[in-house]
> 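Below you will find the structure I want to go over with you.
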Amino acid sequence: MSPSLAFKTAIVPAAGLGTRFLPTTKAVPKELLPVVDTPGIELVAAEAADAGATRLVIVTSPGKDAVVEYFRPQPELEETLNARGKTELLAKVRRAPALLTVETAIQEQALGLGHAVACAEPNLDGDDDAVAVLLPDDLVLPTGVLKRMAQVRAERGGSVLCAFDIPVEQISAYGVFDVEDTADEDVKVVRGMVEKPAAKDAPSTFAAAGRYLLDRAVFDALKRITPGAGGELQLTDAIAMLIAEGAPVHVVVHRGGRHDLGNPGGFLRAAVDFALDHPEYGPDLREWLRDRIKD
């Protein structure tokens, strides 16, 4: 990626309690649960690094140190694996720490996604003109949408979000964009956003996904919005403020798939999907699934 397209900082909000995965998340953060053999947060971090990020700011809560520790080198483990000739395992262990530099920001209270993103502002440098925000519960497949979003920002400025084209009968479960077309059918101008509208009231079928490339101005907007339901600061309210003030906001429509790691059902689907593509586990799993479904 050329320097004009690059962003260097990616923010991953990971302060949640993982209540839908209790009792496991009493001891193991949800973000470290493995999709086959790789935690979801490593998959998201790898996506950010591939798009040009060199720094990851994990917004976490007190007591979730294990999420950040996962990205630290483990010299004793590496030495043991090396001594035993476990070269493939050694490469896997070294993979996450080599992706990018990891920092933390602490969210003391769960006050919404907007508040979580705002907690990362002290980590930014003066040359962070834009930041990526990746929600670790969302696996967007195939990866690469952040690169396209960076290209759109370079061409059009402002903030760029990711959207999926959702069947109208499912649209009421999503935040939905009010958009205008551009010459590119997969790039839309955002005029507004409606949270979970009835199908008949939805302004489009383009729904928000968990990828954002936000202009630095969003942090000023986050300081000026007021709390919404539950006393939470919503990132969408800050984006809406930018739109109202004339800042350009676009969506890139991603013509791919996604997995929701935020609930056990979605997590299982992701694990099966990834395992079926795994050269070691896929063939046996496919045969087992065929037999299991017959039964």
Side-chain angles (χ1 to χ4, degrees), residues 10-49 53 56-72 74 92-93 95-97 99-100 102-120 123 131-141 143 162 164 173-175 195-196 207-212 227-236 257-275:
I11 299 169
V12 175
L17 297 177
T19 52
R20 284 177 286 186
F21 286 89
L22 285 170
T24 299
T25 44
K26 290 193 303 180
V28 180
K30 174 186 63 176
E31 294 81 11
L32 294 183
L33 297 178
V35 181
V36 185
D37 59 357
T38 303
I41 197 164
E42 181 181 331
L43 297 173
V44 170
E47 179 185 350
L56 188 72
V57 179
I58 300 177
V59 182
T60 188
S61 54
K64 289 188 71 174
D65 299 339
V67 178
V68 179
E69 284 302 313
Y70 179 77
F71 290 92
R72 307 294 189 218
Q74 300 287 330
K92 287 183 177 181
V93 167
R95 189 171 56 202
L99 285 172
L100 27 59
V102 174
E103 302 175 10
T104 59
I106 302 298
Q107 186 182 25
E108 296 286 351
Q109 294 178 281
L111 297 177
L113 178 58
H115 181 259
V117 172
C119 288
N123 294 73
V131 297
V133 176
L134 299 89
L135 304 191
D137 286 350
D138 280 334
L139 291 185
V140 177
L141 302 171
T143 58
C162 178
F164 276 77
Y174 296 89
E195 283 294 335
K196 300 182 179 179
R211 300 292 180 271
Y212 307 81
E232 295 188 343
L233 293 173
Q234 300 299 339
L235 184 59
T236 51
R258 70 190 294 189
H259 286 298
D260 180 2
L261 302 185
N263 66 83
F267 192 93
L268 285 170
R269 283 190 287 273
V272 171
D273 192 16
F274 275 61

> Which atom names give the shortest non-hydrogen contact between T104 and N123, and what distance separates them?
O-ND2, 3.2 Å
> For a quick test of reading the model, state the closest non-hydrogen atom pair linking Q107 to A15 and the distance between them.
OE1-CB, 3.3 Å
> Does any part of the side chain of I106, heavy atoms only, come nearer than 4.5 Å to the side chain of C119, both counted from C-beta?
no
> Looking at side-chain heavy atoms only, is the closest gap between L111 and P227 below 4.5 Å?
no
> Quick check on R95: does its CZ atom have over 12 non-hydrogen neighbours (other residues, nucleotides or ligands) under 6.0 Å away?
yes
> Please give me the minimum heavy-atom distance between A45 and L100, naming the atom from each residue.
O-CD2, 4.1 Å
> Considering non-hydrogen atoms only, spot the tightest contact between A120 and V59 and give its length.
CB-CG2, 4.1 Å
> Calculate, to the nearest 0.5 Å, the distance between atoms OG1 and CG belonging to T38 and L33 respectively.
13.0 Å
> Inspect the contact between D138 and R211 and indicate whether a charged nitrogen and a carboxylate oxygen are less than 4.0 angstrom apart.
no
> Above 12 or not: heavy atoms from other molecules or residues under 6.0 Å from CD of Q109?
no
> Does a sphere of radius 6.0 Å around CG in L17 hold more than 12 heavy atoms from other residues, nucleotides or ligands, not counting ones at 6.0 Å or beyond?
no
> Testing the basics here: between A207 and Y174, what is the closest heavy-atom pair and its distance to 0.1 Å?
CB-CB, 3.5 Å
> Taking side chain as C-beta onward, heavy atoms only, is P97 less than 4.5 Å from R72?
no
> Working to the nearest 0.5 angstrom, can you tell me the gap between I58 CD1 and Y70 OH?
11.0 Å
> Are L139 and E47 packed together at the side-chain level, in the sense that at least one heavy-atom pair is separated by less than 4.5 angstrom?
no
> If you round to the nearest 0.5 Å, how far is CG of L261 from CG of L43?
8.0 Å
> Take V57 and V131 through the side-chain contact (heavy atoms from CB on, under 4.5 Å) test and state the conclusion after the steps.
CA-CA 10 Å; V57 179; V131 297; over 6 Å; no
> Looking only at heavy atoms, which two atoms of L134 and A48 are closest? And how far apart?
CD1-CB, 4.1 Å
> Hey, what do you get for CD (E31) to OG1 (T60), rounding to the nearest 0.5 Å?
7.0 Å
> Run I41 and F71 through side-chain contact (heavy atoms from CB on, under 4.5 Å) and show every step you take.
CA-CA 10 Å; I41 197 164; F71 290 92; 4.0 Å; yes
> Distance check, rounded to the nearest 0.5 Å: H259 atom NE2 versus D273 atom CG?
3.5 Å
> Check whether any side-chain heavy atom of Y212 lies under 4.5 Å from a side-chain heavy atom of I11, and answer yes or no.
no
> Rounded at 0.5 Å granularity, tell me how far CG in L22 sits from NZ in K30.
10.5 Å
> Where the side chain of K64 meets the backbone of A14, is there a donor-acceptor pair that is under 3.5 Å apart?
yes
